[in-house]
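Below is one structure; the comments refer to it alone.
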Amino acid sequence: MEKFVVTFARGFGTGGKVIASQLAKELGIHCYENRILTLASQMSGLDENVFKEVNEKIRETNSISSFLRGLPRSRGYIARNEKFVSDDKLFEYQSEIIRNLAEKESCVIVGKCADYVLRDWPNVVSIYIEAPRDFCVQRTMENMGVSEEVANATIERTDKYRADYYEYYTHGNYWTNPVNYDMTLNSQRVGVSNCVKMIEQYLIIKGLITPDMIQPAEA
């Protein structure tokens, strides 16, 4: 089968990261999220010529996956308490890492405007996960161990950051625009595990995977 990429955008507390991770696990491919930003941040500190040399070496050795997997995993929930401030150079490096991944392997990429970065690439499926606020608040309270007030504030700040980030780097598009995505799923109504199943069926319909490629989830 040809290489493919599944990108995910998601509201905070919707379970989108869990869905993305579970999909990657069942398909036997890697899921990339904040380690992309970590590597881009490291590379943005390099002189531009040094960055180009490192980038070419990554391309030639097919080692970007190893670089990313060698970085520490971020905690499951990262709340954006700061206002969005653009960093065009960092986004450029991040986008180059995303394109390198798409060239080298089948994978799942969460956030980072990956749907926009890969918008003209074949074999890319983009997913948006949404859910009602009360569902997101309850999940955030349970996962972060915080009060309802803190959960609401965290969701509001983080989603505002993601919306501003997306609008800036996509030159005016808006984050929740359904035409950006192949599929938009309500994780409360569909259920987290069923979202994974629906995405897998869509990948089969698209001819990107076959049923035997799906590894059943552990009980």
Side-chain angles (χ1 to χ4, degrees), residues 1-24 27 29 31-34 36-37 40 78 80 83-84 86-88 90-92 94-103 106-136 139 155-209:
M1 302 291 291
E2 294 185 17
K3 298 180 182 67
F4 64 91
V5 178
V6 183
T7 75
F8 277 83
R10 77 285 186 219
F12 193 88
T14 61
K17 177 61 188 303
V18 175
I19 293 167
S21 297
Q22 187 61 39
L23 176 70
L27 296 182
I29 59 180
C31 180
Y32 297 106
E33 187 194 15
N34 290 306
I36 291 176
L37 178 59
I78 295 182
R80 295 290 185 179
K83 292 184 178 179
F84 169 68
S86 64
D87 187 335
D88 293 347
L90 181 61
F91 185 75
E92 178 186 334
Q94 187 173 273
S95 298
E96 187 64 21
I97 291 168
I98 290 171
R99 287 188 288 266
N100 284 346
L101 285 170
E103 286 180 355
S106 294
C107 60
V108 171
I109 301 177
V110 182
K112 312 296 177 288
C113 294
D115 64 286
Y116 179 79
V117 173
L118 301 176
R119 63 193 181 282
D120 297 323
W121 287 55
N123 297 342
V124 173
V125 168
S126 296
I127 308 295
Y128 180 76
I129 304 297
E130 64 177 1
R133 173 59 71 90
D134 58 348
F135 175 79
C136 297
R139 289 192 78 259
I155 292 167
E156 184 174 348
R157 286 195 301 264
T158 305
D159 283 356
K160 177 66 164 57
Y161 183 98
R162 290 174 177 173
D164 290 347
Y165 181 98
Y166 193 92
E167 181 178 8
Y168 179 83
Y169 288 118
T170 62
H171 310 291
N173 205 336
Y174 62 97
W175 178 45
T176 58
N177 186 351
V179 302
N180 296 335
Y181 308 103
D182 292 69
M183 184 183 295
T184 297
L185 295 171
N186 182 323
S187 55
Q188 180 189 45
R189 292 188 178 184
V190 178
V192 169
S193 61
N194 284 334
C195 282
V196 176
K197 292 177 183 178
M198 289 185 69
I199 297 166
E200 289 170 345
Q201 289 304 308
Y202 182 68
L203 292 173
I204 292 172
I205 291 170
K206 294 280 287 185
L208 298 177
I209 67 171

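By convention here, the first residue in the shown sequence is residue 1.
Taking 4.0 Å as the cut-off between side-chain N and carboxylate O, Arg99 and Glu96 count as a salt-bridged pair. Comment: Arg10 engages Glu33 in a salt bridge, judged by a side-chain N to carboxylate O separation of less than 4.0 angstrom. For the pair Arg119 and Asp115, the salt-bridge criterion is not met [side-chain N within less than 4.0 Å of a carboxylate O].
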Derivation and outcome, side chain to side chain contact (heavy atoms under 4.5 Å, CB included), residues Val190 and Met198: CA-CA 9 Å; Val190 178; Met198 289 185 69; 3.6 Å; yes
Decide yes or no on side chain to side chain contact (heavy atoms under 4.5 Å, CB included) for Tyr166 and Asn173, but give the supporting numbers first. CA-CA 7 Å; Tyr166 193 92; Asn173 205 336; 4.1 Å; yes
Test log, rule side chain to side chain contact (heavy atoms under 4.5 Å, CB included), inputs Val5 and Tyr32: CA-CA 11 Å; Val5 178; Tyr32 297 106; over 6 Å; no
Check against side chain to side chain contact (heavy atoms under 4.5 Å, CB included), Glu156 and Phe12: CA-CA 8 Å; Glu156 184 174 348; Phe12 193 88; over 6 Å; no
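Atom CD1 of Ile19 and atom CG of Leu185 lie 7.0 Å apart (nearest 0.5 Å). Summarising the geometry, atom CD1 belonging to Ile205 is positioned 11.5 Å from atom CG belonging to Asp182; distances are rounded to the nearest 0.5 Å. Atom CG in Asn123 sits 10.5 Å away from atom NZ in Lys3 (nearest 0.5 Å). Taken from CG in Asp164 to NZ in Lys160, the straight-line distance is 3.5 Å, to the nearest 0.5 Å. Between the CG atom of Leu208 and the CD atom of Glu200 there is a distance of 13.0 Å, given to the nearest 0.5 Å. How far CG of Asp159 is from SG of Cys136: 7.5 Å, rounded to the nearest 0.5 Å.
A pairwise comparison of heavy atoms in Ser95 and Val117 identifies OG-CG2, 3.5 Å as the closest pair. Here the closest heavy-atom approach between residue Trp175 and residue Gly11 is recorded as CH2-CA, 3.9 Å. Contact record, Thr14 with Arg139: C-NH1, 3.9 Å, taken as the closest heavy-atom pair. Listed here is the closest heavy atom pair of Ile36 and Gln94: CG2-CG, 3.6 Å. Heavy atoms only, all atoms of each residue included: Asp87 and Tyr169 are closest at N-OH, 2.8 Å. For the pair Val108 and Ala24, the tightest heavy-atom approach, listed with the atom from each and the gap, is CG2-CB, 3.9 Å.
Residues Phe4 and Val124 are not in side-chain contact: their nearest non-hydrogen atoms beyond the backbone lie 4.5 Å or more apart. Under the 4.5 Å side-chain criterion, counting only non-hydrogen atoms from C-beta, Lys197 is not in contact with Leu23. With contacts defined as side-chain heavy-atom distances shorter than 4.5 Å, the pair Phe91/Cys113 qualifies. Side chains of Ile98 and Lys112 form a contact here, defined as non-hydrogen atoms less than 4.5 Å apart. Counting heavy atoms from C-beta outward, Ser106 and Glu2 have side chains that stay 4.5 Å or more apart. Counting heavy atoms from C-beta outward, Tyr116 and His171 have side chains that approach closer than 4.5 Å.
Residue pairs meeting the ring-ring contact (aromatic ring centres under 6.0 Å, His included) criterion with at least one partner in residues 178-204, sequence neighbours excluded, are Tyr128-Tyr181.
At a cut-off of 3.5 Å, with distance as the only test, no side-chain donor of Glu130 or Asn186 sits close to an acceptor on the other residue. Side-chain contact, Ser126 with Thr7: a donor N or O sits under 3.5 Å from an acceptor N or O.
Checked against Met183 for a side chain to side chain contact (heavy atoms under 4.5 Å, CB included), the options Val6, Ile199, Ile129 give a single hit: Ile199.
Other residues, nucleotides and ligands place more than 12 heavy atoms under 6.0 Å from the CZ atom of Arg133.
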